[in-house]
Amino acid sequence: MSAPRILVVDDEADLRELLEITLLKMGLDVDSAATVREARSLLAATTYALVLTDMRLPDGLGLELVREVAASYRSTPIAVITAYGSAENAVVALKAGAFDYVSKPVVLDDLRTMVRSALKLSDGGGKAAAQAGGGGGQGMAQGNSRLIGQSQAMGALRAQIGRLARSQAPIAINGESGSGKELAAREIHAQSARASKAFVAVNCGAIPEALMEAEFFGYRKGAFTGANDERDGFFQAANGGTLMLDEVADLPLAMQVKLLRAIQERRVRKIGATAEEAVDVRIISATHKDLAKLVENGQFRQDLFYRLNVIELTLPPLRERLDDLPLLVDAVLARLAGPEVSNRARLGDGVLAALQGYAFPGNVRELENVLERALAFADDGVIEVGDLLLKGARVGEAAPSAPAASPPAAASPAAATAAVGLALPPAAAVGAAVQPAPAAPEAAAALGTGELPSNLPDYLNQVERDIILRALTQTQFNRTQAASLLGISVRQLRYQMQKLNINAPEP
């Protein structure tokens, strides 16, 4: 078989010769052009595995060539050579369809890495080429995809992912909480030329600010107290693969500066090290917040925003693809059943219709929680409508927002526990009685005058939250004692705390 052929487009003879020699030593065939016109003639006559072009040429811009190759030669990746510090030009080229870029002065190791990635796409050796059909296909088929659904929205999403997988450009995934942003990122990685390398997902909001630099970039032995061994960071762990920055909006401003430099220079320095090391990672970021608005408010750096938001991918919420509910429900129930098919639960009459009438503000994650909870209440493995305990917005309605006022307490423990189905045991059983908190004015009015609350589910949630908080406060947030006080299991208490967003105070 003949060696892959590369087209190099650059008007600087010395640089063109350096690139030719480097590529020839890699066992590749090389054609060269000094102008856009020459490059067009060669492209019309020959099929190339990669086009490498400078951004500024005597008779035009390399950006014109990027757009033409992306439109007319979709199976041919094109990369650009940008001047040092011209990150904006690189971003523009990536948005126009460039596969990747290298900066002047060209670092030959970076060039070789980029060329190898490009060849995996063009020769069909990677999943991207096989699945994306030269950049214009439908991506992975439904049966092989992590993203479940046959709706029009999901078909368009899979097709877009198939195209994005062929690029090395940073991708910003937007979507509501629970809509599957990490699954989409994993799908992009699985279809890319980086599929054989690591996929590292990082929750930026879960890392203490003092540890962020060490976690992202690693540290040398003895760099600080407790650094007993050398350790790699997230960038080194994802080298050659994909690094997903989940909830990137939660990064503090100081860390945003360091992250920007690492992304632009493709080099990181461990804490305690004197030299930087090259890293080759593709960045995928995700958030449910409006980054553009955070930029306007000064809470997120504009330069980092443009660096991350080269290509935008928006995930549809579940309420906009309710046709996919049967498939999603089957997948969730199969996962909950485990390997034993006989343990799989069934849906009773009207359950699917009830689910399709619900707005799912928490999206697929909420669907999973609803089904898992329903399975715990189901008799003989059959989930009925009453087991779903759906509350809140229906399809076509806005989800009710929680009142700003503090949760109203019931006028007495007996009234409150009757409302929420909890039974407080006698004081002697636990050593002390729970003292009723003063009722909020609106709650007292509702209970004292017979006036009905305007939203019963929200009202009951507030009463239940108040009772659980009082029990936890009395026991210094000892869940076992609080559960005993309330006459429920620790597992039930843990579920109620998660549902009502009750968290233990910081030590």
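The analysis underlying the following values was restricted to heavy atoms, covering all of them including side chains, and did not include hydrogens, waters or symmetry mates. Because the structure is predicted, anything quoted here is derived from the model rather than measured.
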Non-hydrogen atoms of [X] and [Y] that approach each other most closely:
{"X": "Q191", "Y": "G162", "value": "OE1-CA, 3.6 Å"}
{"X": "A33", "Y": "L42", "value": "CB-CD1, 4.0 Å"}
{"X": "A374", "Y": "L388", "value": "CB-CD2, 4.0 Å"}
{"X": "A49", "Y": "P77", "value": "O-CD, 3.2 Å"}
{"X": "V80", "Y": "A93", "value": "CG2-CB, 3.8 Å"}
{"X": "G241", "Y": "H189", "value": "CA-CE1, 4.3 Å"}

Can you find a heavy atom in the side chain of [X] that is under 4.5 Å from one in the side chain of [Y]?
{"X": "L313", "Y": "I188", "value": "yes"}
{"X": "K104", "Y": "D54", "value": "yes"}
{"X": "D31", "Y": "Y48", "value": "yes"}
{"X": "N309", "Y": "L291", "value": "no"}
{"X": "M55", "Y": "L61", "value": "no"}
{"X": "L57", "Y": "D59", "value": "yes"}
{"X": "L371", "Y": "L375", "value": "no"}
{"X": "L50", "Y": "L7", "value": "no"}

request  = Test side-chain hydrogen bond (donor to acceptor under 3.5 Å, both in side chains) on R5 and T46 and set out the steps.
outcome  = CA-CA 9 Å; R5 185 169 290 275; T46 309; over 6 Å; no

Test your reading of the model: is there a side-chain donor-acceptor pair from [X] to the backbone of [Y], 3.5 Å cut-off?
{"X": "T287", "Y": "V248", "answer": "no"}
{"X": "R186", "Y": "A201", "answer": "no"}
{"X": "R319", "Y": "P361", "answer": "no"}
{"X": "R220", "Y": "T274", "answer": "no"}
{"X": "E38", "Y": "A34", "answer": "yes"}
{"X": "S41", "Y": "R37", "answer": "yes"}
{"X": "Q236", "Y": "D232", "answer": "no"}

Is the shortest distance from a Lys or Arg side-chain nitrogen in [X] or [Y] to a carboxylate oxygen in the other one below 4.0 Å?
{"X": "E276", "Y": "R261", "value": "yes"}
{"X": "E64", "Y": "R40", "value": "yes"}
{"X": "E366", "Y": "R373", "value": "no"}
{"X": "E213", "Y": "K270", "value": "no"}
{"X": "K289", "Y": "D250", "value": "yes"}
{"X": "R267", "Y": "E277", "value": "no"}

Identified side chain to side chain contact (heavy atoms under 4.5 Å, CB included) counterpart of L147 within the set L315, V364, L183 = L183

task = Fit a plane to each ring of F216 and F235, take the angle between them on a 0 to 90° scale, and name the class: parallel (under 30°), tilted (30 to 60°) or perpendicular (over 60°).
result = tilted

Ignoring hydrogens and angles, state whether a donor on the side chain of [X] or [Y] is under 3.5 Å from an acceptor on the partner side chain.
{"X": "N363", "Y": "E176", "result": "yes"}
{"X": "Q150", "Y": "D323", "result": "no"}
{"X": "D324", "Y": "S151", "result": "yes"}
{"X": "S117", "Y": "R194", "result": "no"}

How long is the span from the [atom1] atom in [X] to the [atom2] atom in [Y], to the nearest 0.5 Å?
{"X": "Y358", "Y": "L318", "atom1": "OH", "atom2": "CG", "value": "10.5 Å"}
{"X": "D280", "Y": "T113", "atom1": "CG", "atom2": "OG1", "value": "5.5 Å"}
{"X": "E12", "Y": "I81", "atom1": "CD", "atom2": "CD1", "value": "8.5 Å"}
{"X": "I207", "Y": "M255", "atom1": "CD1", "atom2": "CE", "value": "8.0 Å"}
{"X": "R335", "Y": "D330", "atom1": "CZ", "atom2": "CG", "value": "13.5 Å"}
{"X": "E187", "Y": "I173", "atom1": "CD", "atom2": "CD1", "value": "10.5 Å"}

Could you tabulate the donor-acceptor pairs under 3.5 Å formed by side-chain atoms of residues 15-25, not counting sequence neighbours?
| residue | atom | partner | partner atom | Å |
| --- | --- | --- | --- | --- |
| R16 | NH1 | D10 | O | 2.5 |
| E20 | OE2 | S32 | OG | 2.1 |
| T22 | OG1 | L18 | O | 2.9 |

task = Starting from the C-alpha separation in whole Å, work towards a yes-or-no answer on side-chain contact (heavy atoms from CB on, under 4.5 Å) for L243 and V202.
result = CA-CA 8 Å; L243 177 61; V202 180; 3.8 Å; yes

ask   = Are L28 and L119 close enough, and set up right, to give a side-chain contact (heavy atoms from CB on, under 4.5 Å), and what steps lead you there?
value = CA-CA 10 Å; L28 306 171; L119 295 181; 3.7 Å; yes

Would you say [atom1] of [X] has more than 12 non-hydrogen atoms from neighbouring residues, nucleotides or ligands within 6.0 angstrom?
{"X": "Y306", "atom1": "OH", "value": "no"}
{"X": "K197", "atom1": "NZ", "value": "no"}
{"X": "E312", "atom1": "CD", "value": "yes"}

inquiry  = Does I78 form a side-chain contact (heavy atoms from CB on, under 4.5 Å) with T53? I'd like the steps, not just the answer.
reply    = CA-CA 8 Å; I78 181 167; T53 180; 3.9 Å; yes

task = Please lay out, stage by stage, how F199 and M244 fare under the test side-chain contact (heavy atoms from CB on, under 4.5 Å).
result = CA-CA 8 Å; F199 175 91; M244 180 189 178; 3.8 Å; yes

Extract all donor-acceptor atom pairs below 3.5 Å that involve side chains of residues 297-305 and protein atoms in other chains or at least two apart in sequence.
| residue | atom | partner | partner atom | Å |
| --- | --- | --- | --- | --- |
| N297 | ND2 | K293 | O | 3.3 |
| R301 | NE | D303 | OD1 | 3.0 |
| R301 | NH2 | D303 | OD2 | 2.7 |

query = Should the pair R266 and Y101 be classed as cation-pi, given the thresholds of under 6.0 Å to the six-membered ring centre and 45° from the axis?
reply =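 Judged by the rule (NZ or CZ under 6.0 Å from the ring centre, within 45° of its axis), R266 counts as positioned above Y101.
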
